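First comes the structure, then the notes that go with it.
As the structure is a computational prediction, the values presented were derived from the model and not from experiment.
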Amino acid sequence: MRRNVKPVSGRITIESVNKRQGFRFTPKSAALTAGVADVFNFTSDFSVALRVKLSSDLGDVTLLSRRKPDGSNGGAIVHGIQGIGGIGFLAVPRVIVPTPCKALDDWVHVAVTFHGKEFLLYIDGKAIGVMELPVIPLASKEPLILGAASAKAHPFDGWLDDIRIYRRGLTATEVESLAYGKEPASPYTPLTPAEEAQVRKLVKALGSDSYPAREKAAKELTGMGRKIMPLLKTYRDSEDLEISLRVKTILGELPRVEGDK
């Protein structure tokens with residue numbers, strides 16, 4: 001996805017290192033923020049990818065975060081947190097998956113993919129960490145921060161580039177393609193006007209006073225597959241509580257469609 005970032009304070013610095021340009025951070029730098037938006041919620045089905053080059057091995061730093069300071073929601077891509085390993089992923093509830101990779105010599109591609117409660121951590125296109133969380137992480141209301149855990153907490157010394165967030169769990173093949181600089185094809189075929197109208201009609205029926213009508217609508221939506229996910233997510237925070245709850249449930253139950261392996 002594309003979204004502008006801005007510095008918490010000061011100016012954005014871009015430097016070229018090892019034939020690649022990236023955002024330059026130092027321990028004294030303020031972080032970059034992409035703001036607060038639902039599209040950045042790290043919950044049951046998403047992927048985050050970035051390229052990182054460390055200037056020094058300072059340890060205990062954060063590369064990307066959408067996480068409450070007390071660790072009660074969200075997650076973060078980190079390095080050396082709590083003195084453990086190199087680049088890793090920090091998730092709720094207080095789960096740390098470290099790797100020995102420190103990206104000191106050259107750029108390293110890092111990706112994290114979530115499928116329900118299971119997440120995989122990839123380095124340069126290869127899965128080297130996997131874990132199933134006890135629960136699906138709660139959505140965070142914190143801003144998406146690059147280069148630190150907050151405005152100045154846990155800053156790192158190095159460069160970030162090619163930062164991506166996908167609202168689906170990428171496959172191993174897709175992550176490998178990203179690591180080699182190739183854009184993975186989207187598995188979500190565009191809905192026809194008739195399909196979009198049908199989805200909206202069924203979502204409206206989720207709030208019906210009739211229990212059979214609600215169940216029928218939920219079953220039909222689930223049967224349409226994951227291609228309806230982008231449109232269905234627009235109703236996730238509906239003011240109608242019944243619709244909001246049913247949509248969130250359906251999003252976690254949608255069967256895969258052709259091309260979404």
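Taking the side chain as every heavy atom from C-beta outward, E196 and K201 never approach each other to under 4.5 Å. F89 has its side chain out of reach of I96: every pair of non-hydrogen atoms, C-beta onward, lies at least 4.5 Å apart. Looking only at side-chain heavy atoms (C-beta outward), V175 and T113 come within less than 4.5 Å of each other. Under the 4.5 Å side-chain criterion, counting only non-hydrogen atoms from C-beta, L120 is in contact with E118. Put simply, the side chain of Q21 does not reach to within 4.5 Å of the side chain of D161, judged on heavy atoms. Counting heavy atoms from C-beta outward, L144 and T33 have side chains that stay 4.5 Å or more apart. Between V52 and V110, some side-chain heavy-atom pair lies under the 4.5 Å cut-off. Counting only heavy atoms from C-beta outward, the side chains of I250 and L206 approach each other to under 4.5 Å.
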Audit row: I87, K102, side chain to side chain contact (heavy atoms under 4.5 Å, CB included) steps and yes/no: CA-CA 6 Å; I87 296 169; K102 296 189 176 183; over 6 Å; no
Side chain to side chain contact (heavy atoms under 4.5 Å, CB included) between I243 and V203, worked out: CA-CA 7 Å; I243 289 178; V203 168; 3.8 Å; yes
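In this model, a donor atom of one side chain and an acceptor atom of the other lie less than 3.5 Å apart for D157 and S56.
What you find for M224 and E195 is that their closest heavy atoms are CE-O, 4.2 Å. Nearest heavy-atom pair across R24 and S55 is NH2-OG, 3.9 Å. In this structure, S208 and A213 approach most closely via the heavy-atom pair OG-CB, 3.7 Å.
Atom-to-atom distance recorded for S47:OG and L178:CG is 8.5 Å, nearest 0.5 angstrom. Separation of atoms NE2 (H109) and OH (Y180) is listed at 11.5 Å; rounding is to 0.5 Å. Taken to the nearest 0.5 Å, the CZ atom of R67 stands 13.0 Å off from the CD1 atom of I77. Atom-to-atom distance recorded for C101:SG and L54:CG is 8.0 Å, nearest 0.5 angstrom. Note that the NZ atom of K248 and the NZ atom of K233 stand 12.5 Å from one another [nearest 0.5 Å]. Rounding to the nearest 0.5 Å gives a distance of 9.5 Å between CZ of F156 and CG of L146.
The backbone N or O of L245 sits less than 3.5 Å from a side-chain atom of T249, completing a donor-acceptor pair. Proximity of a side-chain donor or acceptor of S244 to a complementary backbone N or O of D240 within less than 3.5 Å is not detected. N18 places a side-chain N or O within 3.5 Å of a backbone atom of D105 that can act as its donor or acceptor partner. For T234 (side chain) and L231 (main-chain N/O), a donor-acceptor pair under 3.5 Å exists by modelled atom type. No side-chain donor-acceptor contact under 3.5 Å links S16 to the backbone of K19. Without hydrogens or angle criteria, T62 side chain to L64 main chain gives no donor-acceptor distance under 3.5 Å. Checking side-chain atoms of E174 against main-chain N and O of T171 turns up a donor-acceptor pair under 3.5 Å.
Linking ILVMFWY side-chain heavy atoms closer than 4.5 Å, directly or via other members, places I14 and F25 in a single hydrophobic cluster. The hydrophobic clustering, which links ILVMFWY residues whose side-chain heavy atoms are closer than 4.5 Å, places L63 and V17 apart. Two different hydrophobic clusters hold W159 and F23 under the rule that ILVMFWY side chains link at heavy-atom gaps under 4.5 Å. Hydrophobic clustering (side-chain heavy atoms under 4.5 Å, transitive across Ile, Leu, Val, Met, Phe, Trp, Tyr) groups F114 together with V48. A continuous path of hydrophobic side-chain contacts links L50 to V61 [ILVMFWY only; heavy atoms under 4.5 Å].
Salt bridge E15/K53: absent, no basic N to carboxylate O contact under 4.0 Å. Between E176 and K182 there is no salt bridge, since no side-chain nitrogen of the basic residue lies less than 4.0 Å from a carboxylate oxygen of the acidic one. Salt-bridge check for R246 with E215: passed, with a basic side-chain N closer than 4.0 Å to an acidic carboxylate O.
Taking a 6.0 Å sphere around NZ of K216, one finds it holds 12 or fewer heavy atoms contributed by other residues, nucleotides or ligands.
Taking the six-membered ring for Trp, F46 and Y166 have ring centres at least 6.0 Å apart.
Relative to the six-membered ring of W107, R51 misses at least one condition, a distance below 6.0 Å or an angle of at most 45° to the axis.
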